[in-house]
Enquirer: 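Shown below is the structure under consideration.
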Amino acid sequence: MRTRWLTTTVLAMFAACAVGAGPVAADAVPTPAAPPRLLEPLKPCAYDGAPPGARCGTVEVALDRAKPHLGTTRVGFAFLPRRDQSQPSLGTVVPNPGGPGAPASRFVNYAGLLAPLLDRRDLLLVDPRGIGLSQQITCKAMTDPLAGFSHPELVAAIGACGRELGSQAGLYGSAAVADDIDAVRQVLDLDRLDLWGDSYGTYLMTVYAARHPERVHSVVLSGSYPIAFDTFGRDRLDAALRAIRLICARTRSCDGDAVMRDLAKVAARLRSHPVRFTVATGSRTYQATLDEAALASVVYARGERTLSAALPSALASAAAGDLDPLKRLASLVMLDVAGLTQNPAFSATTFAAVMCHDYPRAFRYQDPPAVRRADYRQALAALGPAAFRPFSAAGWTAAGFEGADLCIDWPNDPTAGAPVATDRPLPDVPVLVLSGDLDANTPSGAGRETAAQFPHAIFAEVANAGHTPSGDPCALALAIGFVKTLSADAKACLSTGTPPPVPGRAAVLAAQLPPARADATPAVRRALGLVGATAEDLVQQNGVVRAWGAANGLRGGRYAPGTATPGAITLTAVRVVRDARVSGTLAPAAGQQLTGTLRLSGPGVTPGRLQVRITPGTGAGHATGTLGGHAVDLDFQLEVGR
C-alpha cells in the first residue's frame, strides 16, 4: 500500500549490506538485549528537505530482539521541537508515509502538513530500519528498474531478494519497526504519542498501538487497511469499479454502464490476444505487453484518481480498436512501479521484506515451490470466476497490489505471520480512520475493517478523494481537529471536493482534433490544433522525461531533454495522431508558458515551421512562421480539457 506519490515494487549476501556485530558461535549463551542507546548527541539535520530547526540522531537497537547475539542495527530519526517553548509539550506527533519502504524523514513534508499541531507538539520522524537515515539494506535483485515491468519478473526479483537477505530476511517486519519507534521514544524521554499513518503507515501505526498502547494519545489512519486483508484483492477490484462509476456520475462525462461494457470487452480481447509495445526508459527501451494483467493494473490505478478518470475514454478507444491511449496508461503504471527502484528515498528491498514477512498469503513458506503454487491455485479456484469479473482470477491478481503470489518464491521464514493477533480487538485507544471514496488501493471497505479492529474508532469516508485522503482539505482539517480534541464528525467530508475531469476520446487523425480559434484558414487552425494537442501530450509526459530521460509520443515519436535551454524538451517526429508529425523544441518560459520552434509534417496537416508560445492551462497562444509556404503571425485559442 504505497503513498499517493507512488504504487508498488520492483544484497552480495546480506552481511555485506547490514548491521553491526556478526553472529556468535552456535553454543554461545544468549544474553538479554541491551537497552537502546543514542549513539551521539543530536545534531542539526543535514539531509535535503530536512525541516528547519530539526535535529537528527541515531539509536542503536538489537537487530533481532529475540536473539540479541546476532548484532545491532542503527535507526535514524529527525526531531523537530514545538514552536512554543514557553509552555509544556502536549505530546509528540509520529507520522509514517507508507510504502512499506518510504522514510518518514523525507517522503512527505510533514512539518508543513501538520503545521497546525506543531505549536505545542513536537514532531518525530523515525525512518524504519533499512531505510533513509537508518542503516540501509539493498538487494541487488531489486535495483533493476525493468524487473517491475511484468508480474512474473517482479515475483522472481522478490524471491531473489529474499535469498540475498538469507537468515535475516525476517528481521524487517512491522513489529520490529514499531519497537524501534518506541526505542527512539525511550531515548528521547517522550511520553504520549500522536500516531499518524498514511497508506502502509496505517498498518505500522496499528501495530505500534497494539504493542505499546500505554504510549498512545491518538491515532490517525489515512488510506488504511486491516491486519488481515484480502490477499486476492477482491475488495480493490470492487472499489476500482466503484470509483469509475462515481467519477462518471459526478462529472456526467461518461456512462458507467457503458464503461463497464467496454472494460469487459477489452479485458476479454487482451486475455486472448495480448499486444506488444515499446516503453521508453532513457537510453533503454522495454518491450512491454498490453495484456489482461496490464489492463488490471490500470484499473487498479493504485488509488490515483486521475488514472481512474482517464480510463473511460481509453477503454472506449480500445473497444473501437484504438489501443494507443490504453498503452499510454499502462506504460505510466509500469514506469511508476519501476521508478521506485530509482528513487533514492524509497527502498524496494524493505518493501519486499515487510510484505513477505507480515502480509496474508494463500500458501506456506515451509512447503516446496510446487506445493506452494498448487495451494495458491487451489485457493484461487475455490473463489470461483465471478469473484474477479470482468477479469479472470489470474489477470486481476497480477494487477500489482501487495499479496497474491508476489512472495511465492520467498525463502522459508518460520517467523513470518501477522505482526499482531487478528482474533481479538485491538486496544481501546482514540482512532480516526480516513478513506477516500475513489481509492482502490486501500478501499473504504478496508477502512471500515480497520476501524472495526478498535473498540471505539471513528470511520470517515472522504468524497472525491483517492489514496491517502489526509491531503484533502476537509480530511486534513478533520484529522488535525481529532488530534487536538479526540473527536470528529464522521460525516464531515461526505459531500466535499470535486471529481477529477474525464478527458475526451483521443483523436486518431488530425482532422478529428479540435481546431484552434483564430483569424485564419481552416488549414491553419487545424495545424494550430495539432500544435496544441502535442503540447498537451508533452505536459502529460514531462514527468516521465525528467525521471527516465525519454518518453514516447502518444502514437509514436519521442520526447527527450533538450540541451540548448534549461528545461527544454526535444520532440522527434512526435505523433499524437496517426497522420501528422511534430519535431522541434519546447521549453518553459515565464507565466507557465511553453515556447519553441516546431516543424509540422505528414499528410494530415499543412507542413511548415512555427515559432510558438502556448499557455497549456488556458490554451492561449501565439504563432509566427510559415505554413504551406504562407506567412503566419497570429494569436490563437485552443480548446482546453478535451
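This is a predicted model, so every value here is computed, not measured.
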Enquirer: Please determine whether side chain to side chain contact (heavy atoms under 4.5 Å, CB included) holds for the pair Val75 and Asp127, giving the CA-CA distance in whole Å, both sets of side-chain angles, and the decisive distance to 0.1 Å.
Expert: CA-CA 7 Å; Val75 176; Asp127 285 352; over 6 Å; no
Enquirer: Going from CD on Glu449 to CD1 on Ile227, what distance comes out if it is rounded to the nearest 0.5 angstrom?
Expert: 11.5 Å
Enquirer: Salt bridge or not for Asp119 and Arg82, using N-O below 4.0 Å?
Expert: no
Enquirer: Check this for me: does any side-chain nitrogen of one of Arg215 and Asp182 sit under 4.0 Å from a carboxylate oxygen of the other?
Expert: no
Enquirer: Please check if any side-chain donor atom of Tyr203 sits under 3.5 Å from a side-chain acceptor atom of Thr450, or the reverse.
Expert: no
Enquirer: With rounding to the nearest 0.5 Å, note down the distance linking OG1 in Thr306 to CG in Leu332.
Expert: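 Going from OG1 on Thr306 over to CG on Leu332, the span is 9.0 Å.
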Enquirer: Examine the side chains of Ser470 and Ser222 and answer whether a donor and an acceptor come within less than 3.5 Å of each other.
Expert: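 Yes.
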Enquirer: When the aromatic ring centroids of Tyr359 and Phe229 are compared, is their separation below 6.0 Å?
Expert: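 Yes - the distance between ring centres of Tyr359 and Phe229 falls below the 6.0 Å cut-off.
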Enquirer: Could you label the plane-to-plane angle of the Tyr300 and Phe401 rings as parallel, tilted or perpendicular, counting under 30° as parallel and over 60° as perpendicular?
Expert: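 Perpendicular: the ring planes of Tyr300 and Phe401 meet at over 60°.
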Enquirer: Can Gln87 and Arg120 be counted as having a side-chain donor-acceptor contact under 3.5 angstrom?
Expert: yes
Enquirer: Would Glu60 and Thr72 count as having a side-chain donor-acceptor pair, cut-off 3.5 Å?
Expert: yes
Enquirer: What I'd like to find out is whether the side chain of Ser435 reaches to under 4.5 Å of the side chain of Phe459, using heavy atoms alone.
Expert: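 In short, these two side chains touch, coming nearer than 4.5 Å.
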Enquirer: Would you tell me whether Ser444 and Asp437 have side-chain atoms, one donor and one acceptor, within less than 3.5 Å of each other?
Expert: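 Per modelled atom types, Ser444 and Asp437 side chains form no pair under 3.5 Å.
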Enquirer: Validate the cation-pi geometry between Arg106 and Tyr110: distance from NZ or CZ to the six-membered ring centre under 6.0 Å, angle to the ring axis within 45°.
Expert: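 No.
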Enquirer: With distance as the sole criterion, is a donor-acceptor pair present between the side chains of Ser174 and Asp358 under 3.5 Å?
Expert: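 Judged by distance alone, the side chains do pair up.
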Enquirer: Side chains of Thr349 and Ser347: do they bring a donor and an acceptor to under 3.5 Å?
Expert: no
Enquirer: Inspect the contact between Asp439 and Arg302 and indicate whether a charged nitrogen and a carboxylate oxygen are less than 4.0 angstrom apart.
Expert: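 The answer is no: the pair does not qualify as a salt bridge.
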Enquirer: For the residue pair Leu123 and Phe79, establish whether any side-chain heavy-atom pair is separated by less than 4.5 Å.
Expert: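 Not touching, per the 4.5 Å side-chain cut-off.
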Enquirer: Answer with yes or no whether the side chains of His467 and Asp198 bring together a donor and an acceptor at under 3.5 Å.
Expert: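 His467 and Asp198 do not have a side-chain donor-acceptor pair below 3.5 Å.
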